[in-house]
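Here the structure comes first, spelled out in structure tokens, and everything after it is commentary.
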Amino acid sequence: MTSDSPSAVRDGQVEYADGRVELENTAVLADTALANDDLAPVPVSGRTWNTYNYAALWVGMSHNIPSWLLASGLVAAGMSWQQAVFIILLANLIVLVPILLNGHGGTKYGIPFPVLARSSFGVFGANLPAMIRALAATCWFGVQTWIGGEGIFLLAGKMFGSGWANAGHIGDFAWTQWLSFFIFWLIEIAIIVRGIDTLKNFENWAAPVVLVAAVALLVYMWIKAGGVGDVLSQPGTLHGHAFWKVFGPSLMGMIAFWATLSLNISDFTRFGGSQKKQMLGQTYGLPTTMTFFALLSVFVTSASEKVYGEVIWDPIQLAARINNWVGTLLALATVMVATLAVNIAANLVSPSYDFANAAPKHVNFRTGALITCVLSVLIMPWKLVSDPSIYIFTWLGFVGAILGPVAGILLADYWFVRRTKLVVRDLYTRGRGLYWYRSGWNWIAVASFLIAAILAAGGSYSTLDAKGHKAGPFPVDGIIPFLKPLADYGWIIGLVAAAVIHTVLMKLLKAPVSYDDSATNPAEEDEGVTV
């Protein structure tokens, strides 16, 4: 029997020999309040992504400016480069686990994240985690678009001279920089509105191009410097208790960098040719690439110190310093390709599905993408990236603390409560079925999320800068002071707490998870077998 041969038919769905499942009859997708073409399960014949596609996806997403700057933020906090790279490696190995586990449901059932979340939160309740994920992605999208626009601004400055860079200001920036921001914004829209296949093809060629260019930049800087700079020899200033005090927030900040993808990875794995292909591709692509890129950033920055007499962590600013005009163009063009690769895949695909899930009748994938693009401007991303301490230790940590509980509920519900068994038709059914719960909401999941989110993020606090001023929006003692010790490990606290609470409550309250085997007509059976 081949992997694409049906092996069983039950509950209105066909299960194949390799474990993947598809609907027997797509007529159940008729409710436009719950389904449209973009939210419908991908048929097995359409699940064609292979190991390379997933590895290329992660290479493309990991090679971006914010990930390059992660090591710099840790070194600036007082860590040695070895400590910084180790934390980045550890964080990506940790976050890889929920990414792989949450990706399983996408490959098995061909469904995107907001539909998968219906099994745990309810067919309407899934809008809660979907909107949380969408808003986080929208902020990320705005930040990356601003960075991409900066690349265009500097690139055009090389071409048009000082008149471009020194143009009149609108607010805090030259009007030419605002123009660059919106040009990059329009390029992203042009790619995503062409659909997910265009994105896949873009990632396939962008990944190796960016990788080769990053290595070329390293070789160029080291040759020009004639060796390494002092960055590699700096031991760091954090030791003992001081190091461990920063370790927690730093690790959680690095985890939070991809915590968003740990939720909506099924948006991509729904196209997987097999579980093995998506798991191997992601394992090859994520931790290796992020660690390698962190090393590149350290080595290139160290060389920049000898060449220019100062430490330059920002690759955009570094590329602008290259005297060779052609080299500068190639470097900045690569920066823009890298930013496009990560921003569209990581930060535009998910909210496009999430907004579509909220109103499938009126919003499809492309419309959701346009909504995201508009909101990404309204959140004023130029302010979000203005302060690195807020960016890494406050905003990333807080976002991770909120997303951790969602990831924990998805994992616990799919793996421990339902044992990976879903009835796909009920994910698109209103008024009855396993996932209707109470008026379309599973209040167990909502309660689990709220409790875990309070534990994880309730202690969020702001640090003091060198002048004793508060560096962040939260109280220095924490929003809820006695929870402050938990805030440094908010993501893991939220994930574990939500997983445990949700599993226990689902079992205690005997929530239905599958149809009774003895039911004579399962398609008409409203009652389910309890946990």
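A salt bridge (Lys or Arg N to Asp or Glu O under 4.0 Å) check over residues 30-49, counting only residues at least two apart or in different chains, returns the pairs D31-R430. Applying the salt bridge (Lys or Arg N to Asp or Glu O under 4.0 Å) test to every pair with at least one member in residues 93-117, sequence neighbours left out, gives no pairs at all. Pairs engaging residues 407-417 under the side chain to side chain donor-acceptor pair (under 3.5 Å) rule: H104-Y414, D413-R418, D413-H502 [sequence neighbours left out].
Applying the side chain to side chain contact (heavy atoms under 4.5 Å, CB included) test to R270 and every residue at least two apart in sequence or in another chain returns V42, P112, Y353. For the side chain to side chain contact (heavy atoms under 4.5 Å, CB included) test, residues two or more places apart in sequence or in another chain that qualify with T26 are L29. Y284 is linked by a ring-ring contact (aromatic ring centres under 6.0 Å, His included) to nothing, counting only residues two or more places apart in sequence or in another chain. With sequence neighbours excluded, the residues satisfying side chain to side chain contact (heavy atoms under 4.5 Å, CB included) with L483 are I454, L455, I480, L486. Partners of Y435 by ring-ring contact (aromatic ring centres under 6.0 Å, His included), not counting sequence neighbours: none found. For K361, the side chain to side chain contact (heavy atoms under 4.5 Å, CB included) criterion is met by T32, not counting sequence neighbours. In this structure T145 satisfies the side chain to side chain donor-acceptor pair (under 3.5 Å) test together with E188, N343, sequence neighbours excluded. Not a single salt bridge (Lys or Arg N to Asp or Glu O under 4.0 Å) links D477 to another residue, sequence neighbours left out.
The shortest non-hydrogen separation linking L348 to A369 is CD1-O, 3.7 Å. The minimum heavy-atom distance linking Y54 with F271 is given by the pair OH-C, 3.6 Å. Contact detail for I379 and C139: the closest heavy-atom pair is CD1-CA, 3.9 Å. Of all the heavy atoms in A456 and A401, the pair that sits closest is CB-O, 3.5 Å. Nearest heavy-atom pair across S350 and D267 is CA-OD2, 3.4 Å. Shortest non-hydrogen contact noted between A358 and N127 is CA-OD1, 3.2 Å.
When atom types are taken as modelled, the side chain of T107 and the backbone of T269 share a donor-acceptor pair closer than 3.5 angstrom. Checked by atom type and distance alone, the side chain of N36 pairs as donor or acceptor with a backbone atom of V363 at under 3.5 Å. In terms of modelled atom types and a separation under 3.5 Å, the side chain of N50 and the main chain of N53 share a donor-acceptor contact. R20 places a side-chain N or O within 3.5 Å of a backbone atom of G273 that can act as its donor or acceptor partner. Not one N or O on the side chain of S376 forms a donor-acceptor pair closer than 3.5 Å with the backbone of G142. K277 places no side-chain N or O within donor-acceptor distance of the main-chain N or O of T48, the cut-off being under 3.5 Å.
Residues F355 and M131 meet the side-chain proximity criterion, which asks for heavy atoms closer than 4.5 Å. Using a 4.5 Å cut-off on side-chain heavy atoms (C-beta onward), T138 and F141 make no contact. Within the 4.5 Å cutoff, the side chain of L286 has no heavy atoms near those of the Q282 side chain. Residues I132 and F449 have side chains in contact (heavy-atom distance under 4.5 Å, counting atoms from C-beta outward). Contact check for L116 versus L422: side-chain heavy atoms found under the 4.5 Å cut-off. In this structure, L411 and F416 have side chains that are not in contact, with every pair of non-hydrogen atoms separated by 4.5 Å or more. Between P129 and F113, some side-chain heavy-atom pair lies under the 4.5 Å cut-off. Contact of the V374 side chain with the L370 side chain is not registered, since no non-hydrogen atoms from C-beta on lie closer than 4.5 Å.
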Let me see the working for T429 and L34 under side chain to side chain contact (heavy atoms under 4.5 Å, CB included), right down to the final yes or no.
CA-CA 7 Å; T429 301; L34 296 175; 5.7 Å; no
Does the pair T283 and L280 meet the rule for a side chain to side chain contact (heavy atoms under 4.5 Å, CB included), with working shown?
CA-CA 5 Å; T283 302; L280 285 178; 5.6 Å; no
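For Q278 and W49, the side-chain atoms include no donor-acceptor pair closer than 3.5 Å.
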Using distance only, find each side-chain donor-acceptor pair of residues 88-103 under 3.5 Å and give its atom names and separation, not counting sequence neighbours.
| unit_1 | atom_1 | unit_2 | atom_2 | d |
| --- | --- | --- | --- | --- |
| N92 | ND2 | I88 | O | 2.7 |
| N102 | ND2 | S262 | O | 2.7 |

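Cation-pi check for R118 over Y437 is not met; the charged atom does not lie both under 6.0 angstrom from the ring centroid and within 45 degrees of its normal.
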